[in-house]
Amino acid sequence: MKRMILGAALAVVAALIPTTDAKACSRVNYHGSDNTFVIARCLDWKTPIPTNLYVYPQGIEKVSSDQPGAIKWTSKYGAVYAVGYDGGITEGMNEKGLVVNGLFCKGTVYSNPDTEGRPPMSLAMFVGWLLDLNATTDECVEVLQKHDFNIGGATFDGGTVSALHWGITDASGKSVIVEFDNGEIKINDMGDYWAMTNDPQWPSMRAIIDYWGNVGGTNMLPGTVKSPDRCVRANFFAHHVEATSDPDLAVNIARSVLVNSCVPYTYLIQGEPNVSSTQWRSYADIKNRRYFFDIVTNFGLYYVDLSKCDLRKGAPILKLDTSKETKLMGEANHALKKSPGFTPMY
């Protein structure tokens, strides 16, 4: 009888879960001791997304779009960005320890008739806009709640729309998930939930995590590469690993939790030709301002130490070309080269 009840319950949960994503990204919040926080994420996609690292200093004038009425700003904080296709900021961390990561979410709808007349905000610059001007999660929330912009962006990879939601975490460990639902911004405080993936949107995902929490992860965890399964596993393990203040150990623990929810490289499912495998992983050590990058086809894990970068106004923009630096390990500040910056794909 217990098996029948469990089977029925699992069938109900499965009905809420979408089929395997082609856009399978995961994000883990590792909570250590002594204000140690590591944000670990993987980027998964069906075709290669070349991603380079850039360090931008303070005091640079930027614009949100090439359309009329775009928002203009001057960066208040320096930051390290991960830039896809050398045209759009996927994620990053600023000098205050604010981390913003964009993950795919098929349920995203950015605009409605009320937003269409607002200043245009390109997805290529959205993460940079938040990192450049805000020091904390609360500051980001305050800016986003105004919703005085209309977000959108260029398609890529043969016409794919960048349907995203974002995880935001600051140096205090406070985290929110930002989602667009039919043009309305929904800001969800993560609280004691320490992982996010893709679909479904956060209220439904939270219900799935709660269900598996009642089942008990030491007895059973979902094991597929589907978005909810990966989120449940990551959340469970993030709560059941050692909380350390050792920065190197903290990154490695976060790394091990994330890998458990990644999709093995070149993994395929019969009948699912667009299933994604993990291309790269990042680990933001917020306390020590170190941003780690881990390309799965490389042998080494390396990091940019933001605390050692010159982020003052007038300092040069720096770039780490990941296509050329394939054998880096450890601190990689020496591999940063002066650059004119990336060209946004508005």
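- Using a distance-only test at 3.5 Å, with no hydrogens or angles considered, a donor-acceptor pair links the side chain of Asn134 to the main chain of Leu130.
- Aromatic ring pairs are classed by plane angle as parallel below 30°, tilted from 30° to 60° and perpendicular above 60°; the pair Tyr110 and Trp166 is tilted.
- A side-chain donor from one of Glu91 and Ser282 sits under 3.5 Å from a side-chain acceptor of the other.
- Hydrophobic clustering (side-chain heavy atoms under 4.5 Å, transitive across Ile, Leu, Val, Met, Phe, Trp, Tyr) keeps Ile89 apart from Tyr77.
- Side chain of Asn198 to backbone of Ser227: no donor-acceptor contact under 3.5 angstrom is found.
- Salt-bridge check for Lys146 with Asp148: failed, with every basic side-chain N at 4.0 Å or more from each acidic carboxylate O.
- Looking at Ser339, its side chain never comes within 3.5 Å of a backbone N or O of Leu318 through a donor-acceptor pair.
- For His31 and Phe37, the gap between ring centers is short of 6.0 Å.
- For Phe237 and His239, the ring centers sit 6.0 Å or farther from each other.
- Inspection of the Thr326 and Asn298 side chains reveals no N or O donor paired with an N or O acceptor under 3.5 Å.
- Of the possible polar contacts, one joining the Lys287 side chain to the Asp34 backbone as a donor-acceptor pair under 3.5 Å is found.
- At a cut-off of 3.5 Å, with distance as the only test, no side-chain donor of Asp132 or Ser75 sits close to an acceptor on the other residue.
- Side-chain contact check for Leu103 versus Arg27: some heavy-atom pair is nearer than 4.5 Å.
- Under the 6.0 Å cut-off for aromatic ring centres, Tyr56 and Tyr81 qualify, their centroids lying closer than that.
- Using a distance-only test at 3.5 Å, with no hydrogens or angles considered, no donor-acceptor pair links the side chain of Thr278 to the main chain of Pro264.
- In this structure, the ring of Phe236 has its center no less than 6.0 angstrom from the ring center of Trp212.
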Test log, rule side-chain hydrogen bond (donor to acceptor under 3.5 Å, both in side chains), inputs Thr115 and Asn150: CA-CA 5 Å; Thr115 70; Asn150 186 43; 2.8 Å; yes
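- The hydrophobic clustering, which links ILVMFWY residues whose side-chain heavy atoms are closer than 4.5 Å, places Leu301 and Leu249 together.
- Remark: Leu336 CG to Leu320 CG distance equals 5.5 Å, nearest 0.5 Å.
- Between the side chain of Glu139 and the backbone N or O of Ala135, at least one donor-acceptor pair lies under 3.5 Å.
- Side-chain contact between Asn101 and Ile39: present, with at least one pair of heavy atoms (C-beta onward) separated by less than 4.5 Å.
- A donor-acceptor contact shorter than 3.5 Å is absent between the side chain of Ser64 and the backbone of Ser122.
- Using a 4.0 Å cut-off between charged nitrogen and carboxylate oxygen, Glu95 and Arg289 do not count as a salt-bridge pair.
- Side-chain contact check for Asn288 and Tyr303: no donor-acceptor pair (N or O, by modelled atom type) lies under 3.5 Å.
- Residues Phe342 and Tyr54 bring their aromatic ring centres within 6.0 Å.
- Between Ser26 and Arg230, the side chains place a donor N or O and an acceptor N or O closer than 3.5 Å (distance only, hydrogens not considered).
- Here Arg255 pairs with Asp294 in a salt bridge; the nearest charged N to carboxylate O distance falls below 4.0 Å.
- Thr322 places a side-chain N or O within donor-acceptor distance of the main-chain N or O of Thr51, the cut-off being under 3.5 Å.
- Between Asp199 and Lys106, no side-chain nitrogen of the basic residue sits less than 4.0 Å from a carboxylate oxygen of the acidic one, so the salt-bridge criterion is not met.
- Among all heavy-atom pairs drawn from Cys42 and Arg281, the shortest one is CB-CG, 4.0 Å.
- Between Tyr302 and Phe293, the two ring planes are tilted [angle within 30° to 60°].
- Remark: aromatic rings of Trp194 and Tyr30 are distant, center separation not under 6.0 Å.
- The two atoms that bring Cys309 and Asn333 nearest to each other are SG-ND2, 3.7 Å, heavy atoms only.
- Taking 4.5 Å as the limit, every side-chain heavy atom of Val178 sits out of range of all side-chain heavy atoms of Lys186.
- Look at Arg290 and Glu331 and you find no salt bridge, because none of the NZ, NE, NH1 or NH2 atoms lies under 4.0 Å from a carboxylate O.
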